[in-house]
2 protein chains.
Amino acid sequence: MNNTRFATALHILSLLSKYSTEWLSSDWMASSINVNPVIVRKELGVLQENGWVVSRKGKEGGSRLQVKGSEIRLGDLYQAIRNSDILGKKNMNTNPKCPVGKEINNRLDSLYSETDRIVLASLNEQTLENFVDQF
Amino acid sequence: MNNTRFATALHILSLLSKYSTEWLSSDWMASSINVNPVIVRKELGVLQENGWVVSRKGKEGGSRLQVKGSEIRLGDLYQAIRNSDILGKKNMNTNPKCPVGKEINNRLDSLYSETDRIVLASLNEQTLENFVDQF
DNA sequence: TTTTAATGTAATAAAAATTGTTACATTAAA
DNA sequence: TTTAATGTAACAATTTTTATTACATTAAAA
């Protein structure tokens, strides 16, 4: 994760949680995050796919939470947003003629997936509600 | 970490561990990893700074481990190699006029550092020796 | 019915991060 | 003296990330 997607998604969810009675526009959320509105709409798409958010088009449109903050676990959010393993990428094309090159990716696989597992478990101890309560 | 640095560094260390009686050249290691030799030499620089590896110049030069594999903890390796938080980057310049924009980075700080702490602790349960023994 | 203001999304551009390459000074063994 | 290694700077290429533009679609309000 050398990107801002988790921070952006959690920012969006925090806004929706704090102003849960209103339909918030992507432009308005974008100005709180200070990021392009299209980025917000793309991230909202992911949040919708996971059933956390609902959006509606047209005048007076916008987005709001579909479920309670206590039902959105931060590990699930991370899972939805991530695009690489925590420990990074592996070198593909390592040399199969070398005993280490031949086997290392198998060994890295278990190390990488165990690390991912631990992070997800840790994040899942917190929900959006917990997070927003800290404000 | 959307890069291959951890995988590359651990590959290098695994080679040095497996062939611990020899001085391995960066060219040779590069051909096992299938990566440019200059990348290997740069990463070796980091490993040297941490006292794990020693290199020598000149004909018959190369690199080898400076300490036993059991003394190199994978969390320390990750710490030496990483260049961003596990959960990614934060949005700088969030809007201070918005209560969420104003406070979110403080909240993210603790979530991010706690996640980092957990990963380091988990990785530190393994050493280079443990890792190489799996081969 | 028209105007207004929102989402959704594709296409593209720009910026940032990562990886690769070239070149060469330095070093030390053969 | 030759050979073969590291160290490193400078630069190029590639990949990833973020931003932007454009516009079709939608729906409330005037």
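Reminder, nothing fancy here: chain letters follow the sequence lines and each chain counts from 1.
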A.B. asks: Answer yes or no: is there a side-chain heavy-atom contact under 4.5 Å between B/Ile86 and B/Tyr112?
C.D. replies: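 Not in contact.
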
A.B. asks: Is A/Asn2 near enough to D/dT16 that one of its side-chain N or O atoms lies under 4.0 angstrom from OP1 or OP2?
C.D. replies: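 Result: no.
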
A.B. asks: Determine, stepwise, if the pair B/Asn106 / B/Glu103 fulfils side-chain hydrogen bond (donor to acceptor under 3.5 Å, both in side chains).
C.D. replies: CA-CA 6 Å; B/Asn106 294 328; B/Glu103 277 300 314; 3.3 Å; yes

A.B. asks: Using whole Å, report how far CD1 of A/Ile12 lies from C1' of C/dT7.
C.D. replies: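 Computing the A/Ile12:CD1 to C/dT7:C1' distance gives 14 Å.
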
A.B. asks: Please determine if a side-chain N or O atom of A/Ser25 lies less than 4.0 Å away from the OP1 or OP2 oxygen of C/dA5.
C.D. replies: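 No, outside the criterion.
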
A.B. asks: Can you list, by residue number, the residues of residues 48-61 of chain A that have a non-hydrogen atom closer than 4.0 angstrom to DNA chain C?
C.D. replies: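 Those residues are A/Gln48, A/Ser55, A/Arg56, A/Lys57, A/Gly58, A/Lys59.
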
A.B. asks: Choosing from C/dT19, D/dT20, D/dT16, which nucleotide comes nearest the side chain of B/Arg5?
C.D. replies: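 Nearest nucleotide to the side chain: C/dT19.
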
A.B. asks: Return the value, rounded to whole Å, for the distance between atom CH2 of A/Trp23 and atom P of C/dA6.
C.D. replies: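 Value for this atom pair: 14 Å.
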
A.B. asks: Which nucleotide in the list D/dA5, C/dT18, D/dT20 gets nearest to the side chain of A/Val38?
C.D. replies: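 Nearest listed nucleotide: D/dT20.
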
A.B. asks: Treating Ile, Leu, Val, Met, Phe, Trp and Tyr as nodes and any side-chain heavy-atom pair under 4.5 angstrom as an edge, say whether B/Val46 and B/Leu65 lie in one connected cluster.
C.D. replies: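 Yes, B/Val46 connects to B/Leu65 through the hydrophobic network.
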
A.B. asks: Salt bridge check: are A/Arg5 and A/Glu43 linked by an N-O gap of less than 4.0 Å?
C.D. replies: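 Counted as a salt bridge, because a side-chain N and a carboxylate O are separated by less than 4.0 Å.
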
A.B. asks: Nearest whole angstrom, please: distance from the C1' of C/dT22 to the CZ of B/Arg41.
C.D. replies: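 Going from CZ in B/Arg41 over to C1' in C/dT22 covers 11 Å.
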
A.B. asks: Rounded to whole angstrom units, what separation is found between the CG atom of A/Leu44 and the C1' atom of C/dT9?
C.D. replies: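 For the pair A/Leu44 CG and C/dT9 C1', the rounded distance is 13 Å.
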
A.B. asks: Can you tell me how far P of C/dT18 sits from NZ of A/Lys89, to the nearest Å?
C.D. replies: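 So the two atoms are 8 Å apart, to the nearest Å.
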
A.B. asks: Any chance the side chains of B/Thr8 and A/Asn91 put a donor and an acceptor closer than 3.5 Å?
C.D. replies: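 Yes.
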
A.B. asks: What are the two closest non-hydrogen atoms of A/Leu16 and A/Leu44, and how far apart are they?
C.D. replies: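 Answer, listing the atom of A/Leu16 first, then A/Leu44: CD1-CD2, 4.5 Å.
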
A.B. asks: Considering Watson-Crick and G-U wobble pairs with both distances under 3.5 Å, what does C/dA30 pair with?
C.D. replies: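 Base-paired to D/dT1.
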
A.B. asks: Do any side-chain nitrogens or oxygens of B/Thr4 fall under 4.0 Å of OP1 or OP2 in C/dT18?
C.D. replies: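 So the side chain of B/Thr4 is outside the cut-off, no N or O lying under 4.0 Å from OP1 or OP2 of C/dT18.
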
A.B. asks: Please report the distance, rounded to the nearest Å, between CG in B/Leu47 and C1' in D/dT6.
C.D. replies: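 In whole Å, D/dT6 C1' lies 14 Å from B/Leu47 CG.
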
A.B. asks: Under 4.0 Å between a side-chain N/O of A/Asn3 and OP1 or OP2 of C/dA17, yes or no?
C.D. replies: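 The answer is no; no side-chain N or O of A/Asn3 sits under 4.0 Å from OP1 or OP2.
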
A.B. asks: Is any side-chain heavy atom of A/His11 less than 4.5 Å from a side-chain heavy atom of A/Ser32?
C.D. replies: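 A/His11 vs A/Ser32: side chains touch.
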
A.B. asks: Remember a base hit wins even if backbone is also touched, and classify B/Ser26 as base, sugar-phosphate or nothing at under 4.0 Å, heavy atoms.
C.D. replies: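 Sugar-phosphate, backbone atoms only, no base.
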
A.B. asks: To the side chain of B/Asn83, which of C/dT18, C/dA17, C/dT21 is closest?
C.D. replies: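 The nucleotide sitting nearest to the side chain is C/dT18.
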
A.B. asks: Under a 4.5 Å cut-off applied to non-hydrogen side-chain atoms, are A/Leu47 and A/Leu77 in contact?
C.D. replies: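 In contact.
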
A.B. asks: Atom CD of B/Glu43 to atom P of D/dT6: distance rounded to whole Å?
C.D. replies: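 After rounding, the reported distance stands at 15 Å.
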
A.B. asks: For D/dT14, give its Watson-Crick or G-U wobble partner with both distances under 3.5 Å, or none.
C.D. replies: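 Base-paired to C/dA17.
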
A.B. asks: Whole Å only: how far is the CG atom of B/Asn36 from the P atom of C/dT18?
C.D. replies: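 Computing the B/Asn36:CG to C/dT18:P distance gives 17 Å.
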
